[in-house]
Every structure is written in C-alpha cells, then in structure tokens.
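What you see below is based on every heavy atom in this structure, not just the backbone, and it leaves out hydrogens, waters and symmetry mates. Proteins come first, then strands; the chains are lettered A, B, ... in the order of their sequence lines, and each starts at number 1.
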There are 4 protein chains.
Amino acid sequence: MPIRVTVWGENRHEKKSPEVAKIYPRGMHEAIADGLRKNADFEVVTATLDQEEHGLTDERLKNTDVLTWWGHLAHGDCTDLCVERVYHRVLQGMGLIVLHSGHYSKIFRKLMGTTCDLKWRDTGDKEIVWVTRPGHPIVQGIDDHFVIDEEEMYGEFFDIPEPMETVLISSFSGGEVFRSGVTYTRGAGRIFYFRPGHEMYPTYHNPNVIKIIENSVKWAAPTGGKNIKSGNCPAGWIDAPK
Amino acid sequence: MPIRVTVWGENRHEKKSPEVAKIYPRGMHEAIADGLRKNADFEVVTATLDQEEHGLTDERLKNTDVLTWWGHLAHGDCTDLCVERVYHRVLQGMGLIVLHSGHYSKIFRKLMGTTCDLKWRDTGDKEIVWVTRPGHPIVQGIDDHFVIDEEEMYGEFFDIPEPMETVLISSFSGGEVFRSGVTYTRGAGRIFYFRPGHEMYPTYHNPNVIKIIENSVKWAAPTGGKNIKSGNCPAGWIDAPK
Amino acid sequence: MPIRVTVWGENRHEKKSPEVAKIYPRGMHEAIADGLRKNADFEVVTATLDQEEHGLTDERLKNTDVLTWWGHLAHGDCTDLCVERVYHRVLQGMGLIVLHSGHYSKIFRKLMGTTCDLKWRDTGDKEIVWVTRPGHPIVQGIDDHFVIDEEEMYGEFFDIPEPMETVLISSFSGGEVFRSGVTYTRGAGRIFYFRPGHEMYPTYHNPNVIKIIENSVKWAAPTGGKNIKSGNCPAGWIDAPK
Amino acid sequence: MPIRVTVWGENRHEKKSPEVAKIYPRGMHEAIADGLRKNADFEVVTATLDQEEHGLTDERLKNTDVLTWWGHLAHGDCTDLCVERVYHRVLQGMGLIVLHSGHYSKIFRKLMGTTCDLKWRDTGDKEIVWVTRPGHPIVQGIDDHFVIDEEEMYGEFFDIPEPMETVLISSFSGGEVFRSGVTYTRGAGRIFYFRPGHEMYPTYHNPNVIKIIENSVKWAAPTGGKNIKSGNCPAGWIDAPK
C-alpha cells in the first residue's frame with residue numbers, strides 16, 4: 001500500500017519575491033513534492049495556504065498518511081479549525097514532518113507545548129549537518145555529515161521539549177549550533193522536525209535534504225491507529241465478552 | 001531562601017458534597033498545604049478557582065516558585081488568561097505539580113500537547129504505587145512501593161508524551177496499570193504529574209502521598225531562569241562586547 | 001529484501017523438563033521461529049547454546065539482521081567471545097530482541113549498563129499486558145491490552161536505564177507491575193526487551209505474543225549501518241576531497 | 001549535611017609533560033578540587049591512579065557522594081576491581097561526573113553500554129558551549145553560551161545512548177559539533193558527562209567550567225539509595241506484615 005503524502009506549503013514568498021520564484025518556479029511545495037515523487041511507494045499531493053480550507057479539508061486529511069509543513073510569513077493566517085484538524089489527525093496516527101520556519105507554526109507549537117523560539121540570522125552561513133543517531137531510519141543513506149553552502153542560521157536555545165531522539169545537529173559558520181533533526185510522538189502520531197529550508201536558497205534541490213525528508217515520511221507513516229478505549233471502565237470490563 | 005509554594009485547588013467538590021467536606025473540612029488545598037507547611041523551607045499559600053482571578057494574579061504567580069494544581073469539575077471555568085499566565089511562568093522556570101484529575105486541566109494539556117485522556121473507574125480500587133526510578137529526588141524516603149486502600153482507578157493508555165522519567169507506576173485491583181508519577185521539562189520549567197488524589201478518599205492525609213508532593217516541590221523549584229537570547233543575531237554577535 | 005532473523009534459544013529446559021518439552025516439543029526457539037516464518041518477508045534460522053560457538057559464528061551474525069534472545073538457566077555458559085560478537089553487531093546496526101529471562105543475559109546487561117534485576121514469582125499469575133504507546137510499530141494490530149492466563153510474575157523495580165519508549169506495561173494478579181516492552185538504541189542498533197515467555201507456559205503459542213515479536217523484528221531491522229568516521233580529524237578535513 | 005566529593009585524576013600527563021605541569025602544578029585534580037572547595041557545602045578530597053587501589057578503596061567510595069573522573073592516557077591501567085567498585089556505588093546512588101577524555105574510561109563505557117567513541121583534533125580550536133536546557137540545575141548561573149578560546153575538538157558522532165537530557169552542545173572552529181553536557185541515570189545513580197578539559201589548556205581554571213562541575217555535583221548528589229527488593233516474592237508478600 002502506498003504512503004499518501006500531502007506536502008503543504010505557505011506559498012507566499014514564491015508569489016511576492018522574484019528571487020524565491022526563480023529558485024522555486026512552481027513553489028517550494030512542488031520542489032519538495034517532486035523530490036518525494038521519485039519514491040514509487042509514495043502518492044504525493046500538494047496543498048497551500050491560499051487554497052480553500054488551506055487545501056486541508058477534512059477529507060484530504062483523512063486520506064493523508066504523512067503531512068509535511070512549511071510556513072513562515074503567515075502562520076497567523078492558518079485557521080484554528082485547520083490546526084485542530086491536523087492536531088486530531090496526528091494524535092490518531094498521521095505522521096507530521098515540520099520543515100524549517102514551520103517551527104513557529106501554530107500546529108507545531110501546540111504539539112510541543114513550548115514557544116519553539118530560537119536564534120536566527122539570514123546572511124548565508126555555511127551549515128554543516130551532523131548525524132547524531134547513525135542507523136536511524138531517517139538518516140538511511142546519509143553520510144556522517146553533509147554541508148549546505150548557504151543557509152539561514154538557526155541557533156540554540158531552541159525552545160522545544162527534550163526530543164525522543166536527536167538525529168541531526170548543525171553548526172553554522174557564525175559558531176552557533178542547532179538540533180536540526182528531532183523526533184517526537186504525540187498520541188499515535190510520529191513527528192519529525194527538520195531544520196534546513198530557507199526560501200532564499202535552493203535547499204530543497206539538495207539531494208541530502210530531500211533524502212532525509214523522504215526517509216522521515218517512511219518513518220512517520222502510521223502503523224496502526226489509536227485503538228484505545230478511554231473513559232469509564234466498570235469493574236470486570238477486562239474479562240467481559242466483547 | 002525558602003521555596004514559595006502556591007497550592008491551587010478547585011474547591012468545588014468540598015462545597016457541594018458533604019462526604020468530601022467531611023474528609024477535607026477546609027478543602028483539599030488546605031490539606032495539601034498543611035502537609036507542605038511541615039517543611040520549614042517552604043512558604044505555602046493557597047488559592048482557589050472562585051477567588052478573584054482564581055487567586056492567581058500576575059503578582060501571585062511572579063512570587064510563586066512551585067505551583068500545585070488540583071482541578072476536576074470545572075476545568076472549563078478557568079480563564080484562558082489564567083492558563084496563559086501559568087504557562088508563561090512555567091516556561092520561565094516555575095515548577096508545576098499537577099495532581100490527579102488535574103491531568104485534564106487546560107494548563108496540563110497545553111503543556112503536554114496531547115489530550116491527556118485515560119480510563120477511570122470510581123469504585124474504590126486498591127492502588128499499589130510502585131517506584132520505578134529509585135534514587136530519584138521525588139521518591140526520597142519512599143519504600144519500593146506503597147498501598148492506598150481505596151482510590152479511583154486511572155488506567156492506561158494515558159495520552160501523554162513519552163515522559164522524561166517514569167518515577168512511579170500503579171496497579172489497581174481491577175488489573176489496570178497507570179504511569180502515576182512522570183516528569184517533563186518545558187522551557188526552563190520542571191513539571192511533575194502525580195496521580196493519586198480522588199476527592200472521595202482521604203488520600204491527601206496519606207503520609208506517602210504528601211511526602212512525594214513535598215519531594216516534587218523541591219525537585220521542581222527553579223534553578224535559574226531562562227537567560228536566553230532569541231531572535232535575530234547579527235554576524236559577530238558572539239564576540240561583541242556586552 | 002528479506003529480513004534475516006536468527007532465533008536464539010538456550011534450549012536446556014526443553015531437554016531437562018518433560019513439562020517444558022511437552023509444551024515445546026522442538027524447543028521454544030522453534031516455536032518462536034515457526035511464528036515468525038509466517039511472515040514471508042523474514043528468513044528465519046535458529047541457533048542454540050549447545051551448538052558449536054552457540055550457533056552464533058561470526059559468519060552467522062554477519063548474516064543476521066535481527067537476533068532474538070531467550071536464555072535462563074545458563075547465562076554464564078555463554079562465552080564472552082559470543083557476547084562481544086553480538087555486542088559489536090548491535091552497535092553496527094543489528095536489531096536485538098531480548099525475551100523474558102533474557103533480561104539477565106550477559107549481552108543485555110552489557111548493553112544496558114545496569115544489573116537488569118527484578119522481582120519474580122512463578123506461581124502462574126494472570127498477566128494483563130497494556131499498550132502504553134499506541135501507534136508504535138511494535139504494537140501494530142494489538143488491542144489496547146491483552147491477557148495471558150498464566151505467566152511468571154516479573155515486578156518493578158526493573159533495573160534498566162530509562163527507556164527510549166515504554167511500549168507495554170503489565171499488571172499481575174499479585175498486584176505487581178512491570179515495564180514489559182521497552183525500546184533502546186545502542187550505536188546503530190535498535191533493542192527491544194519483551195517480558196512474556198516463561199518456559200512452563202505456552203506463551204510462545206499466544207498470537208499476541210508472536211505478533212509483537214514479529215512487529216519488533218520489523219522495527220529493529222537495520223536501516224543503514226554506522227557509516228561514521230571516528231578518531232583524529234585534521235583541520236580542514238570536512239572540505240577535503242574524498 | 002555536606003556533599004562528600006572525591007575528585008579522581010589520572011595524574012600522569014602532569015608528571016610527564018612540563019607544559020601540563022606548568023598549567024596544573026599540583027595536578028588537574030587539585031585544580032578541580034580547589035574550584036569545588038569554594039563551595040562550603042562540599043567536603044572535597046582527591047585520589048589518583050598511582051595511589052594504592054587508585055585511591056579508591058572500598059572505604060573511600062562508601063564515603064563518597066559524588067565522584068568526578070578524569071583519565072586519558074592510562075584507562076587500561078585502572079583495575080577491573082576498581083571499575084566494579086565504582087559501578088556498584090553508582091547503581092546504589094553515588095553521583096558520577098565524567099570529564100573530557102574520561103569518555104573513554106572503562107567505567108563510563110560500562111555504564112553506557114556503547115563504545116563512547118568520537119572524533120577529535122588537538123590543534124586548539126575555539127569552542128563555543130551552548131546551553132540547550134536552560135533552567136537545568138547544571139547550568140544555574142551560566143549565560144546562554146560561553147567561549148573557551150582554545151580546546152581540543154571533540155566531534156559527533158559521539159557513540160553514547162540517547163541522553164536523558166542534552167544540557168550543552170559545543171561548536172568548534174573547524175565546524176564540528178558535540179553534545180558536551182549530557183545526563184543519564186543508572187540504578188539509583190545520576191551521571192553527567194562534561195566535555196571540556198584537555199590537559200594542554202587551562203580549562204579547569206575557567207570559572208564557567210568549574211561552575212558547571214560544581215552544579216553537576218549538587219545535581220548528582222544521592223537523594224536516597226536504592227531501597228528496592230529484588231528476587232523471589234511469594235504470593236501475598238505485599239500485604240504481609242514487615
């Protein structure tokens with residue numbers, strides 16, 4: 001059975017900035033989707049903020065196994081209804097891959113329970129991404145580090161809960177460090193935050209970056225939902241015939 | 001320097017139910033506070049839902065090192081303003097001890113990022129509380145288990161994120177299990193959830209229960225706030241004179 | 001590509017005890033292997049203590065993706081050479097599933113760094129196994145709990161490091177609790193400890209038990225080894241041509 | 001009650017190398033001990049490899065609350081008896097602070113269950129140490145980062161289990177990163193690994209470094225031992241009179 005992936009993009013920079021449009025003529029979301037479509041086990045669709053219901057109808061989300069999320073300028077424009085829908089689906093088992101400035105999205109902050117704040121600088125630092133959990137499915141096929149020649153700097157303290165696993169840590173030419181790949185579970189859902197991806201750089205054309213997103217989609221795909229009884233359980237319910 | 005503790009109680013059951021009032025004539029919060037006041041290093045005050053601003057003014061919270069939280073009937077009556085204030089203070093370093101049915105409070109769910117749902121049954125199960133992290137400050141002075149003769153049952157699956165530490169696990173006579181003592185950090189704050197404490201039983205007169213709350217207050221007391229720069233950091237800021 | 005599974009069994013009880021031999025005429029290891037062989041993606045072989053090199057030659061281990069381990073009577077008879085071989089392979093990425101009394105094996109204790117001691121009682125307690133991480137690949141297809149009518153009791157404190165994930169917790173009719181399914185990583189390898197499986201009961205004929213072992217094999221299968229440089233890295237090595 | 005600290009040092013470089021002896025005339029261990037002695041709540045003694053029983057007699061360890069460990073050249077010269085003694089005491093609740101090249105000591109590797117291997121380069125990189133868990137007792141009084149002008153580089157992948165908490169991450173001028181402050185529990189004992197401290201640099205005269213070691217000693221001090229029953233527990237033991 002294929003993994004049904006929805007690649008969500010804010011798609012605002014691409015419309016406003018010729019520089020961004022030049023790097024991503026069909027939008028960052030389509031670049032990411034193109035990268036994922038090379039995996040024959042994935043069924044990939046895209047959705048964007050300015051579509052009706054942000055392209056994330058109830059129907060669409062019910063038919064999504066893994067959702068990737070890139071937003072930056074317009075986190076506040078995402079309706080709370082949409083946030084609640086995504087939240088619900090994550091707890092039921094949908095995977096969520098949060099990309100770069102998506103750290104500050106409503107949905108990621110809601111799932112983390114923290115501000116998700118950080119340091120940043122957009123002057124084209126060189127980023128070196130180091131693998132800190134070799135053998136993890138998310139870094140399958142990735143060398144022990146890789147270099148991105150120019151990226152926005154994100155620096156610690158990154159205000160997230162202690163991760164389940166810290167898979168990647170970056171350094172920047174300015175001397176900062178950042179936990180660039182971290183995993184969580186919430187309810188039955190698996191969540192991966194992945195740092196790189198500033199709109200001004202061709203990061204989503206980088207094979208290592210796309211490979212990690214592809215791996216994370218496989219890792220986050222649901223493996224059985226939340227088949228869990230809650231609420232009042234009268235005495236003897238365990239032995240009662242179903 | 002003393003640890004400034006605010007014991008917060010919903011204080012509704014006590015006013016409505018003669019049975020509860022008989023067990024806790026001055027309210028559950030005062031029983032908990034009395035237990036904590038025996039520690040000369042604590043300065044303990046109480047606050048309740050029906051006080052102005054729920055007794056949790058900005059001033060009060062700024063002067064609270066550790067807040068304990070018991071609520072049940074009226075989670076929805078707690079204003080979002082109050083939730084935001086507590087949330088902010090936790091991220092800045094205030095300790096938070098969430099008790100029993102407080103699992104379903106707005107503030108705990110916000111900090112966890114999950115539903116915090118569970119199974120329950122109120123027919124006076126015998127609860128055995130097992131220590132699963134001996135040597136932890138929170139179980140200092142506690143034997144390897146202790147028994148509570150009658151308590152409400154809470155059963156797994158408890159929809160919380162993977163704890164940093166699972167300090168206590170309970171069994172119930174019905175056969176259910178529950179992670180009864182779990183720790184988290186959020187921002188600079190430490191959080192402890194502690195299960196026992198149904199209003200119909202004299203649980204907060206139990207010396208083991210009070211001892212664990214006392215220990216958790218010490219564990220959760222702030223040790224330095226969040227002295228952390230966020231936002232734009234221009235090139236060279238690290239070496240710039242302060 | 002199939003997952004190459006080696007099911008290792010001590011195979012001493014089966015030879016000494018008619019009761020055990022009756023439940024497991026070809027040995028416990030063959031019962032486990034039979035269960036796993038139903039998965040067409042697995043290539044399953046068995047190995048036992050009294051074979052040459054305990055059936056775990058260097059060659060065999062190099063061709064093993066996931067090793068399952070059941071031992072009890074004779075942990076001390078396992079050579080240190082064998083332990084070192086398994087240890088090495090785990091760090092390189094081989095999955096390891098440690099079953100029941102294997103908690104006290106040399107290899108598990110070496111990987112954990114603790115004594116792995118626990119409470120026990122062999123009087124046929126009823127065990128209820130509760131899922132505490134729904135949606136986890138290891139509990140795919142498992143209900144929110146299942147009952148084993150008779151099993152040996154294992155009780156907390158289980159002297160293991162804080163698990164990465166606590167997937168299952170058991171209660172016993174005597175009132176004890178136990179973290180029955182816990183995950184770890186060591187180097188590039190994934191480790192799952194799974195409690196049930198006393199030799200005197202037909203536990204490895206239980207479909208839930210077999211299903212969980214099958215799931216854990218899939219979860220623990222290597223996804224890329226430890227492609228990691230260690231040691232002296234002269235200045236500039238990152239940018240040097242490979 | 002004071003915290004009884006034993007500062008253990010290999011004390012070989014100091015005897016062999018005039019450069020090291022110049023920085024640490026009485027040995028690195030005495031520099032660390034001097035730093036800790038400023039805390040009036042500590043009772044600090046030192047011990048070294050070439051003393052009888054490495055200065056770590058059974059008596060000495062029984063009277064140690066927290067042990068700090070620096071070794072490098074001569075890990076192999078530490079007797080297995082000494083390693084077993086320290087191991088036992090940690091599981092019983094003694095705190096252990098492992099410093100710099102102590103990552104490769106027998107005791108740390110035994111407690112971790114991994115190789116604890118890493119990358120290194122000794123050409124005086126500038127190290128920036130970043131706080132990644134603000135509010136943690138171990139970083140009390142530490143700014144959000146601090147700089148060490150010259151240090152040995154340690155780089156990821158650091159082959160340790162996923163830490164309970166990652167408190168500090170360093171960057172180096174060569175572009176490497178390293179988890180420089182990580183916490184674990186083993187049995188009733190708390191363990192902190194802290195990276196800085198190459199013998200060729202005056203790192204243990206750095207107030208930030210000493211402050212972190214001091215904080216970690218307080219954090220790791222025992223809070224109740226391992227009062228835990230193990231082994232056979234006959235039916236009904238829980239309710240039996242003691």
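Among Arg109(D), Glu176(D), Glu156(D), the residue with the largest count of heavy-atom pairs under 4.5 Å with chain C is Glu176(D). Annotation: maximal heavy-atom pairing with chain C below 4.5 Å, among Gly189(D), Gly231(D), Gly236(D), occurs at Gly231(D). Chain D forms the most heavy-atom pairs under 4.5 Å with one residue out of Gly174(C), Cys233(C), Ala235(C), Gly155(C), and that residue is Cys233(C).
Side-chain rings of His103(D) and Tyr154(D) approach one another, their centers coming within less than 6.0 Å. In summary, the aromatic rings of Tyr193(C) and Phe108(C) are positioned with their centroids under 6.0 Å apart.
For Leu118(C), the part lying under 4.5 angstrom from a heavy atom of chain D is the backbone only. Contacts between Pro161(D) and chain C at a heavy-atom distance below 4.5 Å involve backbone atoms as well as side-chain atoms. Residue Tyr87(D) touches chain C through its side chain alone, counting heavy-atom pairs closer than 4.5 Å. Heavy atoms closer than 4.5 Å to chain D are found in both the backbone and the side chain of Lys229(C). With a 4.5 Å cut-off on non-hydrogen atoms, Met112(D) touches chain C through its backbone but not through its side chain.
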Subject >> Chi angles and distances behind the side chain to side chain donor-acceptor pair (under 3.5 Å) call for Arg190(D), Thr223(D) >> reply: CA-CA 10 Å; Arg190(D) 281 187 282 284; Thr223(D) 46; 3.1 Å; yes
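Checked for salt-bridge contact, Arg12(C) and Asp77(C) meet the test: a charged N lies under 4.0 Å from a carboxylate O. We find that Glu53(C) and Arg85(C) are joined by a salt bridge, their nearest charged nitrogen and carboxylate oxygen being less than 4.0 Å apart.
Heavy-atom minimum distance, Val147(C) versus Lys126(C): CG1-CE, 3.7 Å.
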